[in-house]
Protein chains: 2
Amino acid sequence: MNNDQNSIPSPSIRRFPSYLQVIKKLEEENRETVSATDIAEALSLNPVQVRKDIGYTGITGTPKIGYEIQELINVLMQALGWQNARHALLVGTGALGSALLGYRGFDEYGLHIIAAFDVNPELIGSTIHGKPVFGLEELPNWVKRSRVKIGVLTVPAEAAQSACDAMVDAGILGIWNFSPVKLNVPDHVVVQKEDLSSGLALLSVRLSKRLADGEIE
Amino acid sequence: MNNDQNSIPSPSIRRFPSYLQVIKKLEEENRETVSATDIAEALSLNPVQVRKDIGYTGITGTPKIGYEIQELINVLMQALGWQNARHALLVGTGALGSALLGYRGFDEYGLHIIAAFDVNPELIGSTIHGKPVFGLEELPNWVKRSRVKIGVLTVPAEAAQSACDAMVDAGILGIWNFSPVKLNVPDHVVVQKEDLSSGLALLSVRLSKRLADGEIE
DNA sequence: TTATGTGAACTAATTCACAGCG
DNA sequence: CGCTGTGAATTAGTTCACATAA
């Protein structure tokens, strides 16, 4: 088993949430163990890959049986830094922003978006999916009080860098960037860029190829 | 230059939309050429990688100058199968679904979601961000009439497979799946799964590592 | 026999190094 | 020189093949 916490490959980390999802469902059904094969089957992956991924966490399973579900959940959460629920804020309450505010999927994985910020005076003071919307100027104080470290950025391209700067100034350390802009941040800030169109690109290409290769139109 | 249309690596395809985005902005500023270096800089990528990616499309640039912007836009769109705008439908008008209906980013890349379907009687007959919402039972006729091939799936996990089946039966050939479920589809249907939590996972891990490595808390 | 765990082989992707051109 | 274009080297990720344990 590999125990080097610092070097889990990114593709493995990206798969962890889906593993969690599968085994949490089994947990609800009161199953006590899972095999890598079970997980692989549920997700159409190669079982060896699943085993290797799980190996990175340092957990060890028992042959013929698999892994103890509770333990596996714990080490995966641990590996993801999700042991304790994390709080986040969101800047930009447009279509995508309000969707993310209402997306319960994140809570399941320990991310709780607890407040939103925007410049639109019509929204300030209201709530979206139960979360309060503040004016951007309140960001610094709010971050100081709440000690939140993660910010979700869902503003239009033009506003992205300045909203990012505001977050950084306020003390945010991790930015999940949904805007199509490369953000300039100081070294101590981590940015994760999310690009919806890249998935759409792959779908388009694969579909075009199928059509070209003579599927019924 | 590589001209084999059928074998552009997936990572390259995933980067194409961001290239398009950069050069379309330059086009608006009436620039006529871009170098791979320009694009790489705008996106914090390695210039060689950009050049290789562009090479896959078959286009050829001129040393010292770069690529002709119009031509580059054309070949990228071509490579992505986005020459002619594509129409799509969406099933599931929850938080995420309505966000995608209102997300103008897709139009830019040739995906026009022109109708939505749901089972909620309160929504049927209404419009969301200007797009009409129909009952799921209307799907077959609507697809037949509109000849739409792409479906965006944004229903909760429990409903995913049955909504997927409905799409497939109606004649949808490409499914962009935002639900956390592995879909069972016949061979001729292409499924692209989108998993928001995988990006969040990476952000968490990178942030935790930073904090552990002694950033100011 | 059915699982884990892992070194080894393989495949894919990125990056390097450099030739060639304007 | 600053750029393209590309073979070669490198690195990263996946898959195979097999040893081992219950």
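Bear in mind that the values here come from a model prediction, so they are computed numbers and not experimental data. In what follows, chains carry the letters A, B, and so on, assigned in the order in which the sequence lines appear, proteins first and then strands, with residues in each chain numbered from 1.
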Tell me the interatomic distance from A/Ile65, atom CD1, to C/dT1, atom C1', rounded to whole angstroms.
13 Å
Output yes when at least one side-chain N/O atom of B/Tyr67 is less than 4.0 Å from OP1 or OP2 of D/dG5, else no.
yes
Could you state the CD1-P distance from A/Ile39 to C/dA3, rounded to the nearest angstrom?
13 Å
Let's test your reading of the model: under 3.5 Å, does the base of D/dT15 pair with the side chain of A/Lys52 as donor and acceptor?
yes
Please pick, from D/dA21, C/dG20, C/dA13, the nucleotide with the shortest atom-to-atom distance to any side-chain atom of B/Pro11.
C/dA13
Using whole Å, report how far CD of B/Gln49 lies from C1' of C/dC16.
13 Å
Roughly, in whole Å, what's the span from CD1 in B/Ile54 to P in C/dT14?
14 Å
Picking from C/dT15, C/dA13, D/dC16, the nucleotide nearest the side-chain atoms of A/Val48 would be D/dC16
For A/Arg14, answer base if it contacts any base atom (sugar-phosphate contacts may also be present), sugar-phosphate if it contacts only those atoms, and nothing otherwise; contact means non-hydrogen atoms under 4.0 Å.
nothing
Take atom CD1 of A/Ile8 and atom C1' of D/dT14, then tell me their distance rounded to the nearest Å.
17 Å
Separation of B/Ile59 atom CD1 from D/dG5 atom C1', in whole Å?
13 Å
Can you give each donor-acceptor pair under 3.5 Å made by side-chain atoms of residues 42-51 of chain A, sequence neighbours left out, with the distance rounded to 0.1 Å?
| unit_1 | atom_1 | unit_2 | atom_2 | d |
| --- | --- | --- | --- | --- |
| A/Ser44 | OG | B/Lys182 | NZ | 3.3 |
| A/Asn46 | OD1 | A/Val48 | N | 2.8 |

State whether the number of non-hydrogen atoms from other residues, nucleotides or ligands found under 6.0 Å of A/Lys25 atom NZ is greater than 12.
no
OP1 or OP2 of C/dG5 sitting under 4.0 Å from any side-chain N/O of A/Thr60?
yes
Residue mapping more 5' on DNA chain D - nearest nucleotide basis, A/Thr62 or A/Arg15
A/Arg15
Which nucleotide, C/dT14, C/dT4, D/dT4, lies nearest any side-chain atom of B/Ala36?
D/dT4
Less than 3.5 Å between a donor and an acceptor, one on the side chain of B/Lys64 and one on the base of D/dG5, is that the case here?
no
Expressed as a whole number of angstroms, how long is the span from A/Leu45:CG to D/dT14:P?
10 Å
Spell out, as yes or no, whether a donor-acceptor pair under 3.5 Å connects the side chain of B/Lys64 to the backbone of B/Thr62.
no
Any idea which of C/dA3, C/dT15, C/dC21 is nearest the B/Asn46 side chain?
C/dT15
Distance test, side-chain N/O of A/Arg51 to OP1/OP2 of C/dG5, below 4.0 Å
no
What is the separation between atom CG on B/Leu43 and atom P on C/dT14, rounded to the nearest whole Å?
14 Å
For the pair B/Tyr103 and B/Phe106, name the ring-plane relationship: parallel under 30°, tilted 30 to 60°, perpendicular over 60°.
perpendicular
Under 3.5 Å, is there a donor on one side chain and an acceptor on the other for B/Asp38 and B/Ser35?
yes
Side chain of A/Pro9 only, heavy atoms from C-beta on: which candidate in C/dA13, D/dG7, D/dG13 is closest?
D/dG13
